[in-house]
Structures are given as structure tokens and as C-alpha cells.
**Student:** 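Here's a structure for you.
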Amino acid sequence: GNPKEGKDEL
Amino acid sequence: MNIFRLCGDLSHLLAILLLLFKIWKTRSCAGISGKTQLLFTIVYTARYLDLFTSFVSVYNSVMKIVFLTASYGTLYLMFYKFKPTYDHNHDSFRILYLIVPALVLSFIIVHVYTVMEILWTFSIYLEAVAIMPQLFMVSRTGEAETITSHYLFALGSYRALYILNWIYRYYTEDFLDWITIMAGIVQTILYCDFFYLYITKVLKGKRLSLP
């Protein structure tokens, strides 16, 4: 999982 | 999306709406730190600029818009509509002591050097400590109204639930972001004292007052 592309959290 | 994340988001939403409700219903923002509210508005603005650059889901976008609108609405109520009720004498925490270190740290510990990424990282660091002026205010006045206590409890629970969400995501998706995790842990630790008082006093029907 790449957190930079994640950003699905608020 | 998992149950911890959803509960965290709902807890966050509840906190924000509780605060607006309290101010509107009592026509007063007594006991609420305008500085903490200003910091949260900076946090949401810096983080949710990605509304213009990336789309995740309708849920995600709607929540971001609600958080942004509610935080600007809260500032409007505090610094304009109900300004005479704002207790600024007790809201004396120096917020530059929080903003400057958060900004500096976001240039040092960051995933990639882009404007959006640095703004996002800054928002994560600033959010971790944004509650400090509010907790400082409660400690100065020595008490908090019950609804303010509910607000703080919901707000603190949100990041604690996010920690469970990160643990869950680590095992199920191999998702790991140390920046949010460390900041989230710091954020949750700041509430520990308050959680203790909330459970031992407010839940037993007593007003939150410090010894």
C-alpha cells in the first residue's frame, strides 16, 4: 500500500 | 473502509455538529477555544485542498465539504455572530508555538516534496496538537460544560478509533503510514487525562470540574 496514493482517509 | 474507520468518522462528525449545536442553542461560545477552532480550520483547509485535485469517493468528498463548511461556520459564530460571548481572556495559548513546529516538521518528515504533500503532512502534525488551546482553556477555567465535555470526548475518540483502523488496515491491506500513525498516537495521548475525567465524572452525571 502506497500511503501517498491512498489519502482515502479523512 | 472498515468499522473502526467508519465509527471514527462518525465520531468526528458528531463532535463537529455537537459544537455547532451547543453554540447555536445556547447562543454562546463560552468555554470554547477560538484558537483550537482556528487551528482545526487551518487543518481542514490544508488537507482538503485535494478536493480539487483527486477524487476518492462521494462519501469522502461529502465529508470533506461538511468538515470544511462546519469549521468555517464555527469560526463565523465565534468571531462574528456571538463574538461578545467568546471568552478570549482564558484562551491565551500561543498558537504560533504549535503552527511553527508543525510547519518545520512537515518539511523534515514528509513522504514526497510536493506542495500538496507538504500541506497534507502539515495538517496531520497540526491536527495532532490543535486541541491544546482548548485543553489549556479547560485547565485555566477549571471546568467544562457537559456538552463541551461530550464534544471533546467525541473528538478524542475519533483519532483513537483511527488507530484501531490503522492496525486493521495493516493486517488486511498491508497499509502503513508512519506519519499519520505517530501523529495519531500523539493526538490520542493528549486526550488521556480528559478521557479519565470524562469517564469518572461526566458519565456519572457530574459536571466536569478539575480538583
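When reading the values below, keep in mind they use all heavy atoms of this one structure, side chains included, and skip hydrogens, waters and symmetry mates. Only a predicted model underlies this, so the values are computations on that prediction, with no experimental measurement involved. Residue numbers begin at 1 in each chain, while the letters A, B, ... track the order of the sequences.
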**Student:** Verify the neighbour count for atom OH of B:Tyr170: are there more than 12 heavy atoms of other residues, nucleotides or ligands below 6.0 Å?
**Tutor:**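 Open.
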**Student:** Verify the neighbour count for atom CZ of B:Arg94: are there more than 12 heavy atoms of other residues, nucleotides or ligands below 6.0 Å?
**Tutor:**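 Result for CZ/B:Arg94: open.
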**Student:** Look at atom CZ of B:Phe79 and say whether more than 12 heavy atoms of other residues, nucleotides or ligands are closer to it than 6.0 Å.
**Tutor:**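 Buried by this count: over 12 neighbours within 6.0 Å.
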**Student:** Heavy-atom cut-off 4.5 Å, strictly under: side chain, backbone, both or neither for B:Asn60 against chain A?
**Tutor:**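 For B:Asn60, backbone and side chain are both near chain A.
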**Student:** Run A:Leu10 and B:Arg5 through side-chain contact (heavy atoms from CB on, under 4.5 Å) and show every step you take.
**Tutor:** CA-CA 9 Å; A:Leu10 293 163; B:Arg5 159 82 199 281; 3.8 Å; yes
**Student:** Salt bridge check, B:Glu117 against A:Lys7: does any charged N sit closer than 4.0 Å to a carboxylate O?
**Tutor:**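 Yes, A:Lys7 and B:Glu117 are salt-bridged.
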**Student:** Should we say atom CG of B:Asp193 is surrounded by more than 12 heavy atoms from elsewhere, each under 6.0 Å from it?
**Tutor:**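 Result for CG/B:Asp193: open.
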**Student:** What verdict does the side-chain contact (heavy atoms from CB on, under 4.5 Å) test give for B:Asn165 and A:Glu9, after you've listed the backbone C-alpha separation in whole Å, the side-chain angles of each residue and the deciding distance to 0.1 Å?
**Tutor:** CA-CA 10 Å; B:Asn165 154 62; A:Glu9 291 176 347; 2.9 Å; yes
**Student:** If I measure from the heavy atoms of chain A, does B:Trp166 come under 4.5 Å with its side chain, its backbone, both, or neither?
**Tutor:**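 Only the side chain of B:Trp166 comes within 4.5 Å of chain A.
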**Student:** Surrounding OH of B:Tyr80 (heavy atoms of other residues, nucleotides or ligands, distance under 6.0 Å), is the total greater than 12?
**Tutor:**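 No, not enclosed.
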**Student:** B:Tyr158 versus chain A, heavy atoms under 4.5 Å apart: side chain, backbone, both or neither?
**Tutor:**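 Side chain of B:Tyr158 only, per the 4.5 Å heavy-atom cut-off to chain A.
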